[in-house]
Student: 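The structure is given below, and queries will be raised subsequently.
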Amino acid sequence: MSKDKSAKIATPQPVRGTQDMLGDFADRFAYVVDAFERVRRLYGFKRVEVPVIEPTAVFARSLGETTDVVSKEMYSFDDRGGESITLRPEFTAGISRAFISNGWQQYAPLKVATHGPLFRYERPQKGRYRQFHQVDAEVLGSDSPLMDTELLVFADHLLRELGVSDGVTLNLNTLGDADSRDAWRAALVEHFQAHRGDLSEDSLVRLDKNPMRILDSKDPKDRPIADSAPDIDAYLTNEAQDFFAAVTAGLDAAGVAWKRDARLVRGLDYYRHTAFEFITDRLGAQGTVLGGGRYDGLIENLGGPATPAVGWAAGIERLAMLVDAERIDNRIDAVIALEDDAALAQAQQAMALLRAEGISVEMVANGSPRKRYDKAAKIPAHALISIGMRDGALNRNVRGDNETAKRVDAILQDI
RNA sequence: GCGACCGUAGCUCAGUUGGUUAGAGCGCCGGUUUGUGGUACCGGAGGUCGGGGGUUCGAGCCCCCUCGGUCGCCCCA
């Protein structure tokens, strides 16, 4: 290696908003994914895998060609054939596309779950990255409120399984069917127009672009106007009322606590009926831990058959940040400190025997032999095995918690 | 896109009103001690103080620019 500083190669930097995980956070991440896989099986959700890349049209058409999200916040590029490709910013559109491409109507109602990386070109902040990861559950091809309930109970179960449900509340709203939604939207616009003069600058822009968003504005100036705006309730059709009542009755029957949040809205037109967010106050400005809703219009938007669907997604990083440290067990079963290289073969044999019995083990055999024991002791493990030579004979010692130490001792009797 | 704060050793950080050769802990390497022991001690390697420009006799410290990070706003599928 040259010491000449001018010859130094410029260090490549990670892409903004990406993260490398090792140790504690990687363990937390895996803990969340493991719990999700366990719980989704309990609810009979099939594992589904869809591509990380899709034709840009999949997201542009589902999200609306002209929205900010599509025009500025997607990772899009032209591939070598000149086709516009986008790194998926969400699971729902890709799963819907797969549903159409593969004729999965035949399996409806189809309960599927997946997890993996997603990409959004946004300014990173706490709990918000350009490459991030979600767990996701969807039910396609059912217009039954039973499925909304099922999904919500599943979500609640997952949060309990992770031990993060304390301080997290389920906020629930209905956006009604298309007729209810349109009538409510018109009433909202009328209300906000009447109070134009008192709205914040941001909300005046929202009034033109996305008036429903004024309802969840953070600006204190907007709050009185947003709070006095009409709820959707007066505009709900009988069918929409019944649907919402069926969902909440199901939650009550299953013992899932929920809170009506008449201010909870979705920007996109394909959302119908149920909208929900599990919210915490422990994650700074990014409080939503799990969110979703019914999107009966989406698959049709993609050119598929009219297909009702409902789903949710949750950020793995955010969940991982909420998991209590005591729940993360990063200990391996056993560590071997090889204190004399003359016993190397026996130590290798010992590892083979232990691993054959399903006991995880690794060995410390580098550096000064007299310091290997201390090094090994610093690796979190249930048992610590020292292997060395004494008076020309093999010397072995096992310390650790009783159960593991006993098993290890029994397996290593013959070496 | 906008705003605030922060960039000093591999990591976490200290560094006086601007004043000799920039420090500590952890980690790494080596040695000594202990010798069924998770210990202690000694030593070593490792820094263009993010980068560039400026002010000054003198800059890690002050000013400007730039790059990066964090948090917030906007947006939130």
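Side-chain atoms are counted along with the backbone in the values below, which use heavy atoms only and exclude waters and symmetry mates. Throughout, a chain's letter reflects where its sequence line sits, starting with A, and its residues are numbered from 1.
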Student: For the pair made of CZ in A:R97 and C1' in B:A77, what is the distance, rounded to whole Å?
Tutor: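 A:R97 atom CZ is separated from B:A77 atom C1' by 17 Å.
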
Student: Can you tell me the Watson-Crick or wobble partner of B:U70, both distances under 3.5 angstrom?
Tutor: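 Matched B:U70 with B:A4 under the 3.5 Å cut-off.
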
Student: Are A:R213 and B:C75 close enough that a side-chain N or O sits under 4.0 Å from OP1 or OP2?
Tutor: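 No, because none of the side-chain N or O atoms of A:R213 sits under 4.0 Å from OP1 or OP2 of B:C75.
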
Student: Applying the Watson-Crick and G-U wobble criteria at under 3.5 Å, what pairs with B:G47? Answer none if nothing qualifies.
Tutor: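 Base-paired to nothing in any strand shown.
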
Student: Less than 6.0 angstrom from the centroid, inside 45 degrees of the normal: does A:R272 satisfy that with respect to the ring of A:Y295?
Tutor: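 Pair A:R272/A:Y295 does not count as cation-pi.
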
Student: Which nucleotide wins on minimum distance to the side chain of A:R128, given the candidates B:C74, B:C71, B:G35?
Tutor: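 Side chain of A:R128 sits closest to B:C74.
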
Student: Closest approach to the side chain of A:S386, judged atom by atom: which nucleotide of B:C75, B:G38, B:G37 is it?
Tutor: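 The answer is B:G37, which lies nearest to the side chain.
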
Student: Need the pair for B:G25. Rule: Watson-Crick or G-U wobble, both distances under 3.5 Å, any strand; none if unpaired.
Tutor: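 Matched B:G25 with B:C11 under the 3.5 Å cut-off.
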
Student: Quantified in whole Å, what is the C1' atom distance between nucleotide B:U39 and nucleotide B:U34?
Tutor: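 Each nucleotide's C1' atom is 7 Å from the other's.
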
Student: Within the pair A:Q125 and B:U70, is there a side-chain N or O less than 4.0 Å away from OP1 or OP2?
Tutor: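 Answer no for this pair, as no side-chain N or O of A:Q125 is under 4.0 Å from OP1 or OP2.
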
Student: Which sits closer to the 5' end of RNA chain B, A:P89 or A:R16, going by the nucleotide each is nearest to?
Tutor: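 The residue mapped nearer the 5' terminus is A:R16.
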
Student: What's A:E90 touching, base or sugar-phosphate or nothing? Going by heavy atoms closer than 4.0 Å.
Tutor: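 The residue A:E90 makes sugar-phosphate contact but no base contact.
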
Student: Between P on B:C71 and CD on A:Q19, what's the gap in Å once rounded to a whole number?
Tutor: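 Result: 10 Å.
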
Student: Which nucleotide sits closest to the side chain of A:K375: B:A77, B:G72, B:C29?
Tutor: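 Among B:A77, B:G72, B:C29, the one nearest the side chain of A:K375 is B:C29.
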
Student: Whole angstroms only, please: what is the CD-C1' distance between A:E73 and B:C73?
Tutor: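 Rounded to whole Å, this separation is 13 Å.
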
Student: Using the C1' atom on both, measure B:U55 against B:A14 and round to a whole Å.
Tutor: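 Straight-line distance between the two C1' atoms is 27 Å.
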
Student: To the nearest Å, give me how far apart CD1 (A:I385) and P (B:G37) are.
Tutor: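 Value for this atom pair: 17 Å.
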
Student: Closer than 4.0 angstrom, basic N to acidic O: yes or no for A:R294 and A:D148?
Tutor: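 Yes.
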
Student: Please check the phosphate of B:G27 (OP1 and OP2 only) for any side-chain N or O of A:K378 closer than 4.0 Å.
Tutor: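 Answer is yes, contact under 4.0 Å.
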
Student: Does B:C75 pair with anything, Watson-Crick or G-U wobble, both distances under 3.5 Å, and if so, with which nucleotide?
Tutor: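 With both distances under 3.5 Å required, B:C75 matches none.
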
Student: Looking only at the side chain of A:R370 (C-beta and beyond, no hydrogens), which of the listed nucleotides B:U34, B:C74, B:A77 gets closest?
Tutor: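 For the A:R370 side chain, the nearest candidate turns out to be B:U34.
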
Student: Tell me which nucleotide among B:A77, B:U70, B:C76 gets nearest to the side chain of A:P124.
Tutor: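 Closest of the options to the side chain of A:P124: B:U70.
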
Student: When only distance counts, do a donor and an acceptor, one from the side chain of A:R399 and one from the base of B:G38, lie under 3.5 Å apart?
Tutor: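 By the distance-only test, yes, there is a pair.
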
Student: Measuring from the side chain of A:N397 (C-beta onward, heavy atoms only), which nucleotide among B:G37, B:C75, B:G35 has the closest atom?
Tutor: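 Comparing B:G37, B:C75, B:G35 against the side chain of A:N397, the answer is B:G37.
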
Student: Output the rounded distance in Å from CE (A:M74) to P (B:C76).
Tutor: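 Result: 15 Å.
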
Student: Within the structure shown, what part of the strands sits under 4.0 Å from A:L268 by heavy-atom distance: base, sugar-phosphate, or nothing?
Tutor: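 Contact class for A:L268: sugar-phosphate only.
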
Student: Using heavy atoms to find the nearest nucleotide of RNA chain B for A:K218 and A:Y270 separately, return the residue whose nucleotide is more 5′.
Tutor: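 Nearer the 5' end of the strand: A:K218.
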
Student: If you only use heavy atoms from C-beta on, which nucleotide in B:G38, B:C71, B:A77 is closest to the side chain of A:A377?
Tutor: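 Output: B:G38.
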
Student: Determine the Euclidean distance between corresponding P atoms of B:C41 and B:A24; express it in Å to zero decimal places.
Tutor: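 That atom pair is separated by 15 Å.
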
Student: With rounding to whole Å, what would you report as the distance between B:C49 and B:C28 at their P atoms?
Tutor: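 Those two atoms are separated by 27 Å.
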
Student: Taking the basic N atoms (NZ, or NE/NH1/NH2) and the acidic carboxylate oxygens, is any pair closer than 4.0 Å for A:E122 and A:R130?
Tutor: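 The answer is no: the pair does not qualify as a salt bridge.
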
Student: Looking at the side chain of A:R390, which of B:G35, B:A77, B:G72 is the nearest nucleotide?
Tutor: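 Selected nucleotide (nearest to the side chain): B:G35.
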
Student: Applying a 3.5 Å limit to both distances, which nucleotide forms a Watson-Crick or G-U wobble pair with B:G60?
Tutor: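 B:G60 is unpaired by these criteria.
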
Student: Before accepting this row, confirm whether a basic side-chain N of the pair A:R331/A:D329 lies closer than 4.0 Å to the acidic partner's carboxylate O.
Tutor: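 Salt bridge: yes.
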
Student: When you measure from the side-chain N and O atoms of A:N210 to the phosphate of B:C76, is any distance below 4.0 Å, counting only OP1 and OP2?
Tutor: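 For A:N210, the contact criterion (side-chain N or O under 4.0 Å from OP1 or OP2 of B:C76) is met.
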
Student: Using the P atoms only, state how far B:A22 lies from B:C26, rounded to an integer number of Å.
Tutor: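 Straight-line distance between the two P atoms is 23 Å.
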
Student: Applying a 4.0 Å non-hydrogen cut-off, can you work out what A:E339 is touching in the nucleic acid: base, sugar-phosphate, or nothing?
Tutor: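 The answer is base, as A:E339 lies within the cut-off (heavy atoms under 4.0 Å) of a base atom.
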
Student: Apply the side-chain contact (heavy atoms from CB on, under 4.5 Å) test between A:T174 and each candidate in A:I232, A:T274, A:T248; give the one that qualifies.
Tutor: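 Among A:I232, A:T274, A:T248, the one meeting side-chain contact (heavy atoms from CB on, under 4.5 Å) with A:T174 is A:I232.
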
Student: Do the side chains of A:R370 and A:D340 get close enough for a salt bridge, i.e. N-O under 4.0 angstrom?
Tutor: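 Between A:D340 and A:R370 there is no salt bridge, as every charged N stays at least 4.0 Å from the carboxylate O atoms.
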
Student: Could you give the distance separating B:C61 and B:U20 at their P atoms, to the nearest angstrom?
Tutor: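 Comparing P positions in B:U20 and B:C61 gives a spacing of 14 Å.
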
Student: Considering every strand and a 4.0 Å limit on heavy-atom distances, what is the contact class for A:E122: base, sugar-phosphate, or nothing?
Tutor: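 Result for A:E122 = base.
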
Student: Exactly one of A:R260, A:K259, A:E277, A:H273 should register a side-chain hydrogen bond (donor to acceptor under 3.5 Å, both in side chains) with A:N173. Which one does?
Tutor: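 So the option named by the test is A:R260.
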
Student: Let's test this: given Watson-Crick or G-U wobble pairing with both distances under 3.5 Å, identify the partner of B:U34.
Tutor: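 B:U34 is paired with nothing.
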
Student: Return no unless some side-chain N or O of A:K126 is found under 4.0 Å from OP1 or OP2 of B:G72.
Tutor: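 So the side-chain polar atoms of A:K126 never come under 4.0 Å of the phosphate oxygens OP1 or OP2 of B:G72.
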
Student: Between A:F91 and A:H115, does the ring centre distance come in under 6.0 Å?
Tutor: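 No - the distance between ring centres of A:F91 and A:H115 does not fall below the 6.0 Å cut-off.
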
Student: Can you measure A:E201 atom CD to B:C73 atom C1' for me and round it to whole angstrom units?
Tutor: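 Interatomic distance, CD of A:E201 to C1' of B:C73: 13 Å.
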
Student: Please tell me which of the listed nucleotides, B:C73, B:G38, B:U33, lies nearest to the side chain of A:R123?
Tutor: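 Between B:C73, B:G38, B:U33, the one nearest the side chain of A:R123 would be B:C73.
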
Student: Can you measure A:D374 atom CG to B:C26 atom C1' for me and round it to whole angstrom units?
Tutor: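 So the two atoms are 16 Å apart, to the nearest Å.
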
Student: Side chain of A:Y271: nearest nucleotide among B:G30, B:A77, B:C73?
Tutor: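 Out of B:G30, B:A77, B:C73, the nucleotide with an atom closest to A:Y271's side chain is B:A77.
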
Student: Could you give the distance separating B:G27 and B:C42 at their P atoms, to the nearest angstrom?
Tutor: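 Between the two P atoms, the distance is 15 Å.
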
Student: For B:G60 versus B:C6, give the span between their C1' atoms, rounded off to a whole number of Å.
Tutor: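 Here B:G60 and B:C6 have their C1' atoms 15 Å from each other.
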
Student: Hey, are A:R223 and A:D219 close enough for a salt bridge, meaning a charged N less than 4.0 Å from a carboxylate O?
Tutor: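 No, A:R223 and A:D219 are not salt-bridged.
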
Student: Starting at atom CG of A:L298, determine the distance to atom C1' of B:A77, rounded to an integer number of angstrom.
Tutor: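 Spelled out: CG on A:L298 to C1' on B:A77 is 10 Å.
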
